[in-house]
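In what follows, every chain begins at residue 1, and chains take the letters A, B, ... in the order their sequences are listed.
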2 protein chains.
Amino acid sequence: MVTIYDIAKKANVSAMTVSRVINKSGKISDETKKKVEAVIKELNYIPNNSARNLITNKTKILSLMVTDITNPFFTNVARGAEDKAMQMGYQLLLCNSDENVEKEAKYMEMLISTRTDGVLIAPANDSSKRNIRNLSKHGIPFVLIDRNIQDLECDQVLSDNETTTRKLMEHLISQGHKNIAIINGPLEVSTARERYQAYIDTLKIHGIPLNRNLVMESEFRDSDVSSAIHHLLELPESERPTAIFATNNFIGMSTMKTLKKLKIKVPEGIAIVSYDGIPNYTESESILTVAEQPAYNFGYLGIQLLIERIEGTAPEKARKIVLPADIHIRASSIHKIE
Amino acid sequence: MVTIYDIAKKANVSAMTVSRVINKSGKISDETKKKVEAVIKELNYIPNNSARNLITNKTKILSLMVTDITNPFFTNVARGAEDKAMQMGYQLLLCNSDENVEKEAKYMEMLISTRTDGVLIAPANDSSKRNIRNLSKHGIPFVLIDRNIQDLECDQVLSDNETTTRKLMEHLISQGHKNIAIINGPLEVSTARERYQAYIDTLKIHGIPLNRNLVMESEFRDSDVSSAIHHLLELPESERPTAIFATNNFIGMSTMKTLKKLKIKVPEGIAIVSYDGIPNYTESESILTVAEQPAYNFGYLGIQLLIERIEGTAPEKARKIVLPADIHIRASSIHKIE
DNA sequence: CTGTTAGCGCATTCAA
DNA sequence: TTGAATGCGCTAACAG
């Protein structure tokens, strides 16, 4: 392995001078600088970050913890995160928690061991708090995206769940729906709680009584909503939902699939609105009404806040960015009923 | 920061003993082992990998270089890679080259600096060879996925482009198509070359003369195929394509969009078959006939080969895994013509 | 502007 | 079974 000493010897300078040239620190004469740079190129020298980290306590490695990169929402988060990280000279480690706090904990240990400079986290659920505290205990900054955690004061990039949910619900209500079911993720996830609360609030505002039979809980990942839907369909005629509000993309997709299997027409039989976009690859295909969140910006801005925190350019007070979603009304919900 | 010396002092042993407990190396009495482990837990000690790397020359960090993580194909590659890496105790760095050799080169430098243990690469194109040689020069093992590089002997996980292309083409031919256009990626990418060659060969086998006017080149990313399609539509009636073979997902999607904009019916006006699946999220939506590659396995197996190479359990000879694709015949190509 | 010394946290080597 | 000395490659602090 080529080291700064090899460079130093060949260039007839000290190792320190080589170090200074590499880091552009201190004053170096143009002459020696050029000489050193020539040797570096000649020997194809690339600094060893491990050695550097040991002294500087900086790895220039950031980490992204998502629940599942194959969720298109998180795919775009990752892309935004990576772009900003690269732009700022950082690399990005990818972690999938699978909504599992234990797996998340294991990752956190590895990240701490790696001495990552900071972590952008979409926490599995409220119990992730312990894992995050562990990070903090080791002096590693973090920023939350998508999901917040109760009683945890920190930088966050979140979605405006209240407004967005209200818009989706009011769209359904404007179509004449009164029996609107919600198929939600687990309530220990903040986004599930907020969307549920906004669901309740919107019904109330519009004088529609809340029917607990229409409130279903599923998973945000590996969601199989068929039992929930069977349950809904077995309700007496007067309670049976004419519309379903799915609180994330996987739930929305699973709902579409299940209704198709049951040969229930969308939107005539049951209308659907869903949170999150699924990529509208070919335009001709999408029929699902969705609230599309600016996923790329979650990652991009999240990394920006994180780097500001790491490099000490952030204000001491925690910052909270709340982003709006784009509502795309499509065929799955366009059908007026009495 | 807590170090092994802090642990050693508190446990009344030497630092070396602590190191041995952590690494499960050498013989340690049960008693001291328990004592040390208790102190480690108490002080919440986590080893510093930078220090460890400096000695062992192992980072337990693997890297994945793809052209764009938002391409669903690579999203699944990443997921497979991450799963296998995690299972084997490695972390995964994510890099997007954007099909750009210079950006790829910059990443390579960072990866070398980080002393990644190995890299799983979908190279931008044949010119990536220089970047890969740079890796090798620094003793970093690598495995190619999806795309190979001419005259580069190394472990690879590739797709059976010949068989798959032939199946797609013969499906079109069986529907009566003779004027079949191909919209391809740049020929400096191996997959583009192989799919083109198989396109030519299949035509030949079936006695259909190759018409150069039906051969279009676009991009695998940011593909705007509208000019290509306009060109195809301006051909005289006798040459005008009745079917299009798109050689990757982005090209396939762009083709669908463009035809829709031009109000050309698929498959009646023009039939389409495409390489790569686009995730069939809601089942009801997909109409595109595709050859779906086992993306997850590209990542999973690629990392497996890579780790075997790193840990010295691989045979010296380069290995080449060729995976088949699943053909999904859908509406976009089901329409017999004269 | 340049060099010397020291030490980051840990594992390898050798000795006990 | 345990410990002491040494050095991985680099930079911070100081000296010149």
What residue among A:V143, A:L64, A:L144 forms side chain to side chain contact (heavy atoms under 4.5 Å, CB included) with A:I121? A:L144

Salt bridge present between A:R309 and A:D117 (N-O < 4.0 angstrom): no

Between A:R147 and A:E99 (salt bridge meaning N to carboxylate O under 4.0 Å), is one present in this structure? yes

Separation of D:dC8 C1' from A:I4 CD1 (nearest whole Å): 12 Å

Would you mind reading off the distance between A:L54 atom CG and D:dC8 atom P, rounded to a whole angstrom? 13 Å

Mind calculating the distance between CE (A:M16) and P (C:dT4) to the nearest angstrom? 12 Å

How long is the straight-line distance from CD1 of A:I55 back to OG of A:S19, given to the nearest 0.5 Å? 8.0 Å

Do B:K10 and B:I7 pass the side-chain contact (heavy atoms from CB on, under 4.5 Å) test, and can you show the C-alpha distance, the side-chain angles, and the key distance before you say yes or no? CA-CA 5 Å; B:K10 193 143 191 174; B:I7 308 296; over 6 Å; no

At 4.0 Å (heavy atoms only), tell me whether B:T32 reaches a base, stays on the sugar-phosphate, or touches nothing. sugar-phosphate

Is any side-chain nitrogen or oxygen of B:N23 closer than 4.0 Å to OP1 or OP2 of C:dA11? yes

Could you state the atom-to-atom distance from CZ of A:R20 to C1' of C:dC1 in whole Å? 8 Å

Heavy atoms under 4.0 Å, any strand shown: does B:I28 hit a base, just sugar-phosphate, or nothing? sugar-phosphate

Whole angstrom value for the distance that separates P of D:dA12 from NZ of A:K58: 11 Å

Would you say B:S50 places a side-chain N or O within less than 4.0 Å of OP1 or OP2 belonging to C:dC8? no

Does OP1 or OP2 of D:dC10 have a side-chain N or O of A:S19 closer than 4.0 Å? no

Measuring to OP1 and OP2 of C:dG3, would you say a side-chain N or O of A:T17 lies under 4.0 angstrom away? yes

Would you kindly compare B:A51 and B:S25 by the position of their nearest DNA chain C nucleotide and give the one closer to the 5′ end? B:A51

D:dC10 P sits how many Å from A:I22 CD1, rounded? 7 Å

Tell me the interatomic distance from A:Y5, atom OH, to C:dA6, atom C1', rounded to whole angstroms. 10 Å

On the nucleotide C:dC10, are OP1 or OP2 found under 4.0 Å from the side-chain N or O atoms that B:R52 carries? no

Give the rounded distance in Å between these two atoms: CG of B:N48 and P of C:dC8. 12 Å

Does A:Y45 put a side-chain nitrogen or oxygen below 4.0 Å from OP1 or OP2 of D:dC10? yes

For D:dG9, take OP1 and OP2 only and decide whether either is under 4.0 Å from a side-chain N or O of A:T3. no

Polar pair under 3.5 Å, donor/acceptor by atom type, side chain A:R115, base C:dG9: no

